[in-house]
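Letters A, B, ... are given to chains in the order of the sequence lines, protein chains preceding strands, and every chain is numbered from 1. Bear in mind the structure is a predicted one, so any value in this text is a computation, not a measurement.
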Amino acid sequence: LAKTTQPPSMEAYEGQEVNVSCSHTNIATSEYIYWYRQVPHQGPQFIIQGYKDYVVNEVASLFISADRKLSTLSLPWVSLRDAAVYYCIVTVNYNQGKLIFGQGTKLSIKP
Amino acid sequence: EAAVTQSPRSKVAVTGGKVTLSCHQTNNHDYMYWYRQDTGHGLRLIHYSYVADSTEKGDIPDGYKASRPSQENFSLILELASLSQTAVYFCASSEGDSSGNTLYFGEGSRLIVV
């Protein structure tokens, strides 16, 4: 399974767009990219997943580079509620939920 | 209404004692999981189950047992609790098919072993 590298922390102001990057240089053709976030005192919450190009849902956008070695989670108009640890996970689609969570990126939001 | 509920939410146990953490899901999911999170770290998979009356070992199963008596319920058992098992434990469920990596987590059970 491909290893991921994320910045340990980021800061942003309310109302800004935030881009959280994730490097996965050894990603295999069978692997997908998943993003979760965890707010304090709660379990992780699924945000978005993708394989290539661009994926968008009501919460976030996911940009994946052409060589699939880099992905960027984009959060538009962040609020204080978006302060959380964001995890990038790369794994095969049929991994049956056996996920490996790294240390993630801690996003702090300033009012 | 939370679809994955854990109990107890917090517990203090003595070293060598038995601890049972319970999880109940109303998602009608086949897969259930127990993950452990140590302070400042990511989550690690302890045990999981894809059908009632069957459990599988995850990445760190030593010192833990699991029980899946029904589709809705999944328990984590520490027969002889140790200080190193102080952590927050999260239960989760998933459909287990092509969307099997979309997990729905409970709010966690904080365990302190003294």
### Task
For atom OH of B:Y50, decide whether the heavy atoms of other residues, nucleotides or ligands shown that lie under 6.0 angstrom number more than 12.
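Count not over threshold, so no.
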
Can you get from [X] to [Y] by hopping between Ile, Leu, Val, Met, Phe, Trp and Tyr side chains that sit under 4.5 Å apart?
{"X": "A:L107", "Y": "A:L62", "answer": "yes"}
{"X": "B:V88", "Y": "B:L21", "answer": "no"}
{"X": "A:Y51", "Y": "A:F63", "answer": "no"}
{"X": "B:Y104", "Y": "B:Y89", "answer": "no"}
{"X": "A:M10", "Y": "A:W77", "answer": "no"}

### Task
Could you please state which residues from residues 28-41 of chain B sit under 4.5 angstrom from chain A, measuring non-hydrogen atom to non-hydrogen atom, sorted by number, or 'none'?
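From residues 28-41 of chain B, the residues near chain A are B:Y31, B:Y33, B:Y35, B:Q37, B:G40, B:H41.
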
### Query
Does some side-chain heavy atom of A:Q96 sit less than 4.5 Å from a side-chain heavy atom of B:Y48?
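Yes, close enough: below the 4.5 Å cut-off.
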
### Query
In residues 35-43 of chain A, which residues are in contact with chain B at a heavy-atom separation under 4.5 Å?
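Counting heavy atoms that sit under 4.5 Å from chain B, the residues of residues 35-43 of chain A involved are A:Y36, A:Q38, A:H41, A:Q42, A:G43.
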
#### Entry: Smallest separation among heavy atoms of B:N101 and A:V92, with atom names
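Heavy atoms only, the tightest pair is ND2-O, 2.8 Å.
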
### Message
Rounded to the nearest 0.5 Å, what separates atom CZ in B:F105 from atom CZ in A:F46?
### Response
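The distance works out to 12.0 Å.
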
